[in-house]
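Presented below is the structure to which this report refers.
Here is the naming used below: chain letters follow the sequence lines, and residue numbers restart at 1 for every chain.
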Number of protein chains: 2
Amino acid sequence: MAYHHGHLRESLIDVAVEAIEHDGVDRLSLRDVARTVGVSHAASAYHFGDRKGLFTAIATDGFQRLAVALEAADGGFVDAGVAYVRFAIADRGRFEVMFRPELVNGDDPALLAAMARASAVLGAGAAERSGDSRVNGLAAWSIVHGFSTLWNAGVIRADGATADELASSVAAVLFER
Amino acid sequence: MAYHHGHLRESLIDVAVEAIEHDGVDRLSLRDVARTVGVSHAASAYHFGDRKGLFTAIATDGFQRLAVALEAADGGFVDAGVAYVRFAIADRGRFEVMFRPELVNGDDPALLAAMARASAVLGAGAAERSGDSRVNGLAAWSIVHGFSTLWNAGVIRADGATADELASSVAAVLFER
DNA sequence: ATCTCGAACTTGTCAATGACAAGATCAACG
DNA sequence: CGTTGATCTTGTCATTGACAAGTTCGAGAT
């Protein structure tokens, strides 16, 4: 086995995200992550400093991916909303960390930049509606974010419908009527 | 000091909720909670079994309080929505635990009963609207839940407005137009 | 009044964890 | 070849959650 791993930082993030999806954020063990990657328990300390550093990296990565996903879906509010929900469910581990201010280093420049990028895409869709665009944007964000977290919390009765279908219907209630 | 505390269970929950509001769920130390209350570190194990037991008790308590708050606000969807948001912000510590399935004992009877009670109040308001009442109810729940979590995450720019005012405006976008 | 018994706590212990310190290995470059 | 900095390791410490076993107390039976 090579001494230098090569992609240690990315590997650690990936394994951590998987562990978070499986067991939840607060049961994440840094030592366990290091073990599954195959490095010593102190290797992650070098890359992330401490626990908060790891979460900050995960959140930064998450916001960048969110921005990409939202930029790709360019067909009105409902499509963007579905894209938001789809990301939240597919990338559940990252999504969970992204909106937990106490877990991350709030003044990290990379984090702030990634958040700003995602935020810009998010706010763009609400400007064209009638009424207060700020309130409209907030309402749009709230409804897709709420659906996402409720779905991930497992409290939504699906009744056979997929998350995409339900999310689309829910998003449509907001503006398209 | 008396050997028997009298309200140890409630005291432990209260202190734990405060600690959660201050430091987040995953930094909650059972031993620290016990220290603040003034009992030994094993006292809470007697009442709650383990960490998950404590969180289950907190969530149960939370859903009961939520139900009470929602039942008290009986003036249409917007009022109920504002009550939901107000609870989520004022009782942030409990609210955080309530929607984290990995933290609680999902098959606890008291928890399920409390959830069912809150859920009943929640679903009642959506039946009178036109369209699919299930989708409408889900949309309503999503928008107030999303606003609550986003607000608690600190990512909403308030611009001087109170949470109540903003929540009311946002909720109004959904149906009252 | 005292005995009994179960509920409500306590002290003691253990493996695991996150943080930190100090050392080892390696790659690139002068 | 020797140095230098990045990357990773071993070692250590206080703290933590879980568990085991003992202690204190109160209420009801006798």
(message) What is the separation between atom CG on Leu30(A) and atom C1' on dG18(C), rounded to the nearest whole Å?
(response) 7 Å
(request) Could you check Thr60(B), Leu54(B), Thr56(B) and say which one makes a side chain to side chain contact (heavy atoms under 4.5 Å, CB included) with Val104(B)? (result) Thr56(B)
(message) Strictly below 4.0 Å, N to O, side chains only: are Asp159(A) and Arg134(B) in salt-bridge contact?
(response) yes
(message) Please classify the nucleic acid contact of Leu54(A) as base, sugar-phosphate, or nothing, using heavy-atom distances under 4.0 Å.
(response) nothing
(request) Answer with base, sugar-phosphate or nothing: what part of the nucleic acid does His47(A) contact at a heavy-atom distance below 4.0 Å? (result) sugar-phosphate
(request) Among dT10(D), dG18(C), dT10(C), find the nucleotide with the atom closest to the side chain of Ala42(A). (result) dT10(D)
(message) If you count every heavy atom of other residues, nucleotides or ligands that lies below 6.0 Å from Glu10(A) atom CD, does the total exceed 12?
(response) yes
(message) I need the CG-P distance between Leu8(A) and dA6(D), as an integer number of Å.
(response) 16 Å
(message) Any non-hydrogen side-chain atom of Leu70(A) less than 4.5 Å from a side-chain atom of Phe87(A)?
(response) no
(message) So, OP1 or OP2 of dC8(D): does either fall under 4.0 Å of a side-chain N or O from Ser40(A)?
(response) no
(request) Would you kindly give the NE2-to-P distance between His41(B) and dA8(C), to the nearest whole Å? (result) 19 Å
(message) Taking only side-chain N and O atoms of Ser29(B), does any of them lie within less than 4.0 angstrom of OP1 or OP2 on dG17(D)?
(response) yes
(message) In whole Å, I'd like the distance from the CZ atom of Phe48(B) to the P atom of dC19(D).
(response) 16 Å
(message) How many whole angstroms separate atom CG of Asp32(A) from atom P of dT16(D)?
(response) 21 Å
(request) State whether Tyr46(A) places a side-chain N or O below 4.0 Å from either non-bridging phosphate oxygen (OP1 or OP2) of dT7(D). (result) yes
(request) Return the value, rounded to whole Å, for the distance between atom CZ of Arg9(B) and atom C1' of dA8(C). (result) 14 Å
(request) Could you check how far CZ of Arg27(A) sits from P of dG18(C), rounded to whole Å? (result) 14 Å
(message) Measuring to OP1 and OP2 of dG17(D), would you say a side-chain N or O of Arg51(B) lies under 4.0 angstrom away?
(response) yes
(request) Return the value, rounded to whole Å, for the distance between atom CZ of Arg31(B) and atom P of dA15(C). (result) 15 Å
(message) Looking at every non-hydrogen atom in both residues, tell me the closest pair between Ala19(B) and Leu28(B) and how far apart they are.
(response) CB-CD1, 3.6 Å
(request) Select from Arg35(A) and Ala45(A) the residue whose nearest nucleotide in DNA chain C is closer to the 5' end of that strand. (result) Arg35(A)
